[in-house]
Structure formats: C-alpha cells, structure tokens
Amino acid sequence: MPPSPTGSFHVGTVRTMFFNWLYARHTGGRVVLRFEDTDRARSTEDAIAQAEDVLNWLGIDWDDGPHRQTQRLDLYAKAAADLVERGAAYPCYCTTEELAAERERRRAAGLPLVYSGRCRGLSADERAEREAAGLASVIRLAMPTEGTTAITDVVRGHVEWENALQGDHVIFRSDGTPTYLFANPFDDIAMGVTHVIRGEDLLSSTPRQLAVYAALAAEPPTYAHLPMVLGTDRKKLSKRHGAVSVEEFRDRGVIAPALLNYLALVGWSYDDHTTVMSVDELKERFSLERVNASPGVFDAEKLEWLNGEHLRALPPEEFTAILQGYLKDRGSPLAARPERIAEVAPIVQEKLRTLGQFEGFAGFLFGPAEIDPDAWARVEADSAAARSLAAARDALAGVGEWRAEPIQAALAAACEREGLKPRVLYMPVRVAITGRTVAPGLYESLELLGREESLARIDAALGRLGAPASSCKPR
RNA sequence: GCCGCAUUCGUCUAGGGGCCUAGGACGCCGCCCUCUCACGGCGGUAACACCGGUUCGAAUCCGGUAUGCGGUACCA
C-alpha cells in the first residue's frame with residue numbers, strides 16, 4: 001500500500017487491501033504488507049504509524065512485514081545498476097524542459113506521447129562525456145520496440161498492448177530512488193508475491209512492469225485489476241465527495257465489520273441476494289472470479305444502513321462495550337459514566353445507524369434535556385398539549401413500581417380517560433422528557449430517567465407552555 | 001492526440017442465448033405493527049446506452065458509435 005501523504009486512509013485503498021486479504025485468507029495464502037513510500041512525500045513516520053493503526057482497527061492482519069521501500073534503497077540501486085550493465089536499462093540525460101518540448105512536438109504531430117528513446121543509443125563515450133559534464137541522469141528501462149505484451153487478467157480477461165507505444169519509462173530517479181514501476185515488481189519477486197490485486201488505475205502500467213519481470217528473468221504474477229471506486233459524480237472518489245477516509249467513518253461511529261462488508265460489495269457480490277455478511281463469512285465466500293469489472297459509486301447512505309444492521313446483530317454486551325469504547329475514544333463527556341451507558345445501550349441498539357448518533361439520541365438520559373426548537377414548536381401548535389402533559393403527570397405520579405410496564409399501563413389509562421389517542425398524548429410528553437420528537441421508547445426512557453426527574457421535566461414543560469391546565473380554556 | 005478498461009433501476013448489483021413480462025439490496029413513496037423515530041412486515045416506483053450483425057431466439061455472442069473512467073509523470 002501507498003501511505004497517504006495527506007495522512008488520511010482512503011476507503012479505496014482499504015477496499016484494495018481488503019480484497020487482497022480476503023483472497024489470501026480464503027486460499028490459505030500469505031499476506032505481505034509493504035509500504036510503497038519511495039515518493040518522498042509519502043515517506044513519513046506519521047503516515048506509516050497511522051496506516052498500521054487503521055489496519056489494526058479494521059482487523060486486517062499480515063504475515064510478512066511491514067516492509068518499507070525507503071529502507072531497501074540499496075537493493076534497488078544494485079539491481080538497477082545491474083540492468084544498465086546488461087543493457088536492459090540505460091541512463092538518460094534529457095532535461096525536463098527537453099522532454100516537455102518533445103511531448104509538445106509529438107502531440108502536435110498526433111503521435112503517442114512516449115519518450116523517443118533519444119539517450120538509448122548513446123555510446124559509452126557519449127555517456128562518459130555527459131557524466132564528466134556533471135549532467136543529472138535517470139535510468140530508463142529499454143522496452144521492446146515491437147510486438148505486443150498481453151496478460152490474462154482474472155477480472156478482465158485478455159488485455160493486450162502494443163510494445164512500441166509504451167516508451168522507455170523511468171525506473172530510477174536522478175535522486176537515486178526507484179519509481180513504483182521498478183520497486184514494485186522487484187519487491188514482488190523478492191517477497192514471493194504470486195497475486196497482484198490492485199486498482200484499475202494501474203492496469204495501463206502492467207506492460208511496463210512485465211518488462212521488469214522479463215529483464216529480471218522472473219515469472220510474472222497473476223493479475224487482478226479491481227474496478228475503481230467513484231464519487232457520486234462518477235469521478236474518482238475524493239474529499240469533495242464528503243467523507244472518504246477510514247478515520248472519518250470511524251469518527252462518526254461506523255464499525256469496522258460494517259465498513260468492510262460494504263466495501264466488499266463494491267465490485268464483488270456473493271450471489272443475487274446476500275448483502276449482510278460478517279468478516280468470517282466474507283472470508284469464506286470471497287472469490288476473485290466474482291469480482292466485476294465496472295466501476296462503482298460509493299454510497300455512504302447504504303454504508304450507514306449496513307452499519308445499523310451490524311450494530312443490531314451484535315450481542316448486547318458487545319454493543320455496550322463498543323459504544324463505551326467509541327465514546328471514550330472520541331472524548332465524549334458521556335464516557336465518564338460507563339455504567340450509565342450500559343443501562344442506556346439496550347434501548348438504543350435497535351435504533352442507531354451509527355454510534356455517533358448516540359449523544360443526540362440518548363443524551364437526555366445523562367443530563368438536562370436540550371429542547372429542540374422544532375420539536376417545541378410542534379408542542380406549542382398542539383392545542384391538546386397542556387392537557388396531555390397534565391394527564392400524563394397525574395398518571396405517572398400514581399404509578400406504583402417505577403418500571404416500564406406499569407408506566408405503560410398508567411399512560412394507556414390516561415389516554416383512555418382523556419379520550420386522546422396515544423400518539424397525541426405521548427408527543428408532548430416525549431418532547432418534555434427527551435427534548436425531541438425522535439427518541440428511544442418512551443416507557444423505557446421514563447424508567448431510566450426516574451420518577452422525580454420525569455415529573456420535573458413535565459412540570460417544566462407545563463410551565464414553559466405558560467398555562468396550567470386549569471386556565472387553558474378555549475377563547 | 002494516442003492507448004487501455006467499462007457501460008443492467010438514482011445507487012450497489014444478479015444475470016454468462018431460451019428459466020427475464022430482467023431478480024435482490026440501499027434510497028424514495030404508500031400501508032401495517034392501536035408511542036414518535038427506528039426495527040420488522042406488506043405493496044409500489046425505477047434499468048438492459050445506441051445502431052447494426054450472428055441466431056429459430058440476445059441483457060447475454062460479434063462489430064461500430066456514443067459516453068464515462070484510467071494511463072500516457074523523475075506520483076503510486
């Protein structure tokens with residue numbers, strides 16, 4: 001994987017890594033973790049540490065590594081020098097300006113924009129001359145100039161390229177670091193990589209890498225090019241599409257198994273109807289053959305739905321533990337009361353789509369309810385509100401044992417007495433208690449709040465309405 | 001420009017010649033579950049890019065067009 005220079009772990013990267021992991025785990029293979037950090041911007045300790053942290057959170061493990069390409073620089077240098085010696089690669093002294101001008105000419109002439117190979121034919125003397133003049137050089141791979149290169153991609157089938165259209169690509173920069181084109185196949189050979197499962201954006205670079213395999217006299221791997229993950233505008237998924245990093249989803253309370261389940265489904269399917277799957281199930285069912293070739297749009301809404309499904313499928317104790325951990329990790333003030341969270345968790349488990357909704361949804365059980373203006377507006381607009389509140393207050397005051405069932409019975413009786421439908425009578429009570437119109441079950445909420453606090457909140461609402469029940473007469 | 005890949009409901013997808021008057025899921029819309037929301041149940045909305053060809057028969061095979069995406073970097 002490439003560590004991200006911006007420090008955020010893109011979900012597209014996760015999808016690729018996860019497919020690799022699934023394939024290895026399904027087939028009993030080995031997972032090699034290698035950070036492709038030859039690009040200097042990507043080569044920071046932070047980026048590496050953060051990547052490992054995210055991988056751990058996701059539960060994606062590895063058997064070998066992590067390797068870092070920046071720590072293998074001498075290996076690449078030696079191999080490249082070897083290639084030059086054998087004539088499979090050569091130094092190129094062209095400047096960026098010269099190359100740009102050349103490209104411009106070719107563009108104008110309608111030719112493919114590949115390097116002309118100008119430095120390829122340099123004699124030993126000519127090279128020595130340029131070296132003596134202190135010219136900077138890169139190393140280019142001498143590509144075959146005729147014929148074709150083909151692969152049988154597991155996802156796409158037969159794909160073929162014209163060798164003459166490839167151009168001699170740079171495998172070593174003038175600063176002495178290798179490019180992806182070289183370091184990647186070199187390491188894959190060194191590390192015994194048999195399957196290269198990666199994004200479609202890398203498909204076009206395959207013939208160039210195959211040339212490295214050939215130059216190194218190594219057997220090429222099996223390739224599987226995964227379809228791209230796109231944003232809603234069908235462009236490559238990026239920040240302007242909203243949340244795209246694993247950290248962002250983790251922050252808003254998406255759990256790893258749900259993210260992975262969702263990601264598995266963009267570009268792959270098990271059959272014509274199975275959607276919700278655990279990581280174990282995915283591992284058992286995954287196959288490269290069922291990966292499809294067309295790009296998919298990332299649908300955050302479906303991810304949230306799926307997250308809700310995974311949350312609900314959790315054993316209650318586990319849900320509680322995860323919720324406690326989540327609130328603690330993100331520094332929520334509610335985290336200070338883990339036992340309270342444990343009490344509240346059962347009544348919200350079937351309602352949440354993300355853990356991040358918990359504070360807004362159940363915060364009223366941890367302290368004073370914040371009355372939502374829209375919810376309150378609905379109470380004020382309700383001519384029966386005061387009557388409902390007063391009736392509920394009476395009923396609740398008379399409840400014997402303060403538990404959900406007796407509370408329910410008492411409220412039902414109040415509805416009966418007042419001749420009000422439950423939905424009508426409960427609405428203002430719900431707002432008074434929770435501050436919102438959308439909340440956990442009312443009876444359970446009342447039970448958890450306690451009688452005293454419940455009555456106090458109803459009184460407060462009555463007061464805020466500005467009219468005790470007795471003076472609320474029609475004008 | 002050149003090269004490559006792709007094209008089924010708004011979105012993710014099933015489909016690999018007759019099982020398709022195209023199935024599932026998210027979303028959306030109704031109804032139900034005599035507490036809102038959520039959950040669950042029921043029902044609905046909505047798609048084979050286009051044009052040719054092969055065939056008794058095409059969403060499925062072939063060709064072309066269009067569109068999208070990717071590559072064409074001393075990024076990966």
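Lettering follows sequence order; numbering is per chain, from 1.
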Pair K302(A) + E304(A): basic N to acidic O under 4.0 Å: no
Rounded interatomic separation in angstrom, taking NZ from K236(A) and C1' from C69(B): 10 Å
Identify each atom pair where a protein N or O and an N or O of nucleotides 18-23 of chain B are less than 3.5 Å apart, giving names and distance.
unit_1 : atom_1 : unit_2  : atom_2 : d
G23(B) : N2     : D272(A) : O      : 3.1

Rounded interatomic separation in angstrom, taking CG from D153(A) and C1' from G70(B): 14 Å
R234(A), nearest nucleotide to its side chain (from A76(B), C12(B), A38(B)): C12(B)
Distance below 4.0 Å between R156(A) side-chain N/O and G70(B) OP1 or OP2: no
D299(A) side-chain proximity, nearest of C74(B), A6(B), U11(B): U11(B)
No-H, no-angle donor-acceptor pair, S174(A) side chain to C74(B) base, under 3.5 Å: yes
Given U7(B), G27(B), C2(B), the nucleotide with the shortest approach to the side chain of P112(A): C2(B)
Watson-Crick or G-U wobble mate for U72(B), both contacts under 3.5 Å: G1(B)
Residue closer to the 5' end of RNA chain B, R290(A) versus V114(A) (nearest nucleotide): R290(A)
Any donor-acceptor pair under 3.5 Å from E453(A) side chain to G450(A) backbone: no
Near-ring test F298(A)/F249(A), centroid separation under 6.0 angstrom: yes
OP1 or OP2 of U72(B) under 4.0 Å from side-chain N/O of R107(A): no
OP1 or OP2 of G10(B) under 4.0 Å from side-chain N/O of T232(A): no
Sugar-phosphate only, base, or nothing, as touched by R106(A) at under 4.0 Å among non-hydrogen atoms: nothing
Among C37(B), C12(B), C5(B), the nucleotide that comes nearest once only the side chain of K302(A) is considered: C12(B)
Any S204(A) side-chain nitrogen or oxygen under 4.0 Å from OP1 or OP2 of C3(B): no
Nucleotide of C74(B), C12(B), U72(B) approaching T179(A) most closely (side-chain heavy atoms): C74(B)
Ring-ring centroid check Y270(A) F286(A), cutoff 6.0 Å: no
Phosphate-side-chain proximity, W305(A) and C26(B), N/O vs OP1/OP2 below 4.0 Å: yes
For RNA chain B, the residues among residues 402-425 of chain A that have a non-hydrogen atom under 4.0 Å from it: P422(A), R423(A)
Per V297(A) side chain, nearest of listed nucleotides C35(B), C37(B), C12(B): C12(B)
Among R127(A), E131(A), E98(A), the one residue meeting side-chain hydrogen bond (donor to acceptor under 3.5 Å, both in side chains) with Y93(A): E131(A)
Residue L165(A), side-chain heavy atoms: nucleotide from C2(B), U36(B), C69(B) that is nearest: C2(B)
Options U13(B), G71(B), G40(B), nucleotide nearest the side-chain atoms of E309(A): G40(B)
Basic-acidic side-chain contact under 4.0 Å: R68(A), D37(A): yes
Sugar-phosphate, base or nothing in reach of Y443(A), heavy atoms under 4.0 Å: base
5'-most by nearest nucleotide on RNA chain B - V170(A) or N292(A): N292(A)
salt_bridge(D188(A), R34(A)) N-O dist < 4.0 Å: yes
Aromatic centroids of F186(A) and Y76(A) separated by under 6.0 Å: yes
